[in-house]
Amino acid sequence: MKARIKVTLKNGVLDPQGKAIENALSALGFDGVDDVRQGKYLELDIAETDEACARTRVEEMCEKLLANTVIENYDIELEAS
Amino acid sequence: MKSHVIVFPGSNCDRDVAVALENAMGHPPGMVWHGDTEVPETDLIVLPGGFSYGDYLRCGAIAAQSPIMRDVVKKANAGTPVLGICNGFQMLTETGLLPGVLMQNASLRYICKDVHLKVERTDTCFTHKYSTADILRIPIAHHEGNYYAGDDVLDRLEGENRVAFRYCSADGADGKNLPFEGANPNGAARDIAGIYNEAGTVLGMMPHPERLADPELGGTDGTAMFDALAEALQ
C-alpha cells in the first residue's frame, strides 16, 4: 500500500520560508498571492494491506517521527498498490 | 565527578565540550557513541552541538530516536543532569524532555556570532557560579534556534521559573522578542535562549558556553558553567 503524507505548519505558527516564497512570487509579478505556507511531502510503501491497520500505523509514524506535532499537522492519504 | 558526552554522526562540538569539561573536572569525560544502548554510570550527560544525521527531517529528530537516547531519557527522568547545547537542545525538545521546538531563524539565515545573555536563575547545578546581574557573552551558531511554544507552555515555563537564559543587549536591555530590531538574534519567543525541565536538572540552550571557556578562545564567560557542574556534581 502506498502512503502519501503531507506535513504542514499549524495555523498561527510563523512560516518565514512561506513568506520568502510569497515575496519572490510577488517579485516575479504574480500578484494577488497571499498566505503562502510551505511544508513537506513524504511517500512510503508499506507492506500492510488492510487500510484501517495501515492508517493506524502511519499515524503512529507521524506522531513519533515524521511530524513534530508541537508545530506541525499531518495528513495521510492511502492507496492500494 | 563522572561525565559523558554523547557523540552522534555529525556532532562537531563534542570535543570542544570535552575540553571544557576536562579543564573544569581535571580529567576527561567519557565519549559515548550514539549506537550504544547504555551510558555508563555518570553524574552528567552532555548532548553536544553539531549537525547530527545531517539535520535530516528536522534538527535533532533522528538523533532523538537513536539507540543511546532511550537510556539518556531514562537517566534524565531519574534525575541525572543533562546539558544539551545547540543541536543537543534540539534533541531534548524532540525527545520531549523539554517542551517546545526550535524553528528556523526568523531571518532564514544561519547566524554565527557572539550574543549577550541574561542569567535568569542561579540555583541550578549549571548556573550557581553566575549571578542574575551577570550579562554573559557567548557565541551562537545555528540556523534553527528560534524557540517556539504555545502561549500556555510559555506561561507555564515562566510561572515555574524554567527560563534559563534570555537574549539581551550588552547592557542587559530586553531582546524585544524581535530579530533585527533588538538583541534577539533569531526571533525566539520571549527572547528565550535556554530552558530547564521541571526539576531544573535538564538544561537546553542554543548558545555555546564551551566556545568561550578559555582565554585563548577570546573569552571565558562559559567557564563558570563547567566549573559549577564540576563543583555541584563531585
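Computed from a predicted structure; not experimentally measured. Naming: A, B, ... by sequence-line order, numbering from 1 per chain.
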Presence of salt bridge, E79(A) and K2(A), under 4.0 angstrom:
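Looking at E79(A) together with K2(A), the answer is no, because their closest N to O distance does not fall below 4.0 Å.
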Could you walk me through whether D174(B) and K176(B) satisfy the salt bridge (charged side-chain N to carboxylate O under 4.0 Å, His left out) test, starting with their C-alpha distance in whole Å, then the side-chain angles of each, then the deciding distance to 0.1 Å, before giving a yes or no?
CA-CA 5 Å; D174(B) 286 350; K176(B) 284 193 192 144; over 6 Å; no
What class does the angle between the rings of Y147(B) and F89(B) fall in, given that below 30° is parallel, 30 to 60° is tilted and above 60° is perpendicular?
parallel
Describe, in one word, how the ring planes of F165(B) and Y130(B) are oriented to each other, choosing from parallel (under 30°), tilted (30 to 60°) and perpendicular (over 60°).
perpendicular
Interface residue of largest heavy-atom contact number with chain B, from L66(A), N68(A), V7(A), under 4.5 Å
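With the most close heavy-atom pairs to chain B, the winner is N68(A).
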Give, as side chain, backbone, both or neither, the part of L108(B) having an atom under 4.5 angstrom from any heavy atom of chain A.
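For L108(B), the side chain is the part near chain A, not the backbone.
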Structural part of N105(B) lying under 4.5 Å from a heavy atom of chain A
backbone
Whether R4(A) engages the ring of Y41(A) as a cation-pi pair (distance to the six-membered ring centre under 6.0 angstrom, angle to the ring normal within 45°) should be assessed.
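So R4(A) doesn't make the cation-pi contact.
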Against chain B, label K40(A) side chain, backbone, both or neither, depending on which of its atoms sit under 4.5 Å from a heavy atom there.
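Contact with chain B: side chain only.
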Heavy-atom distances under 4.5 Å only: say whether L65(A) touches chain B with side chain, backbone, both or neither.
both
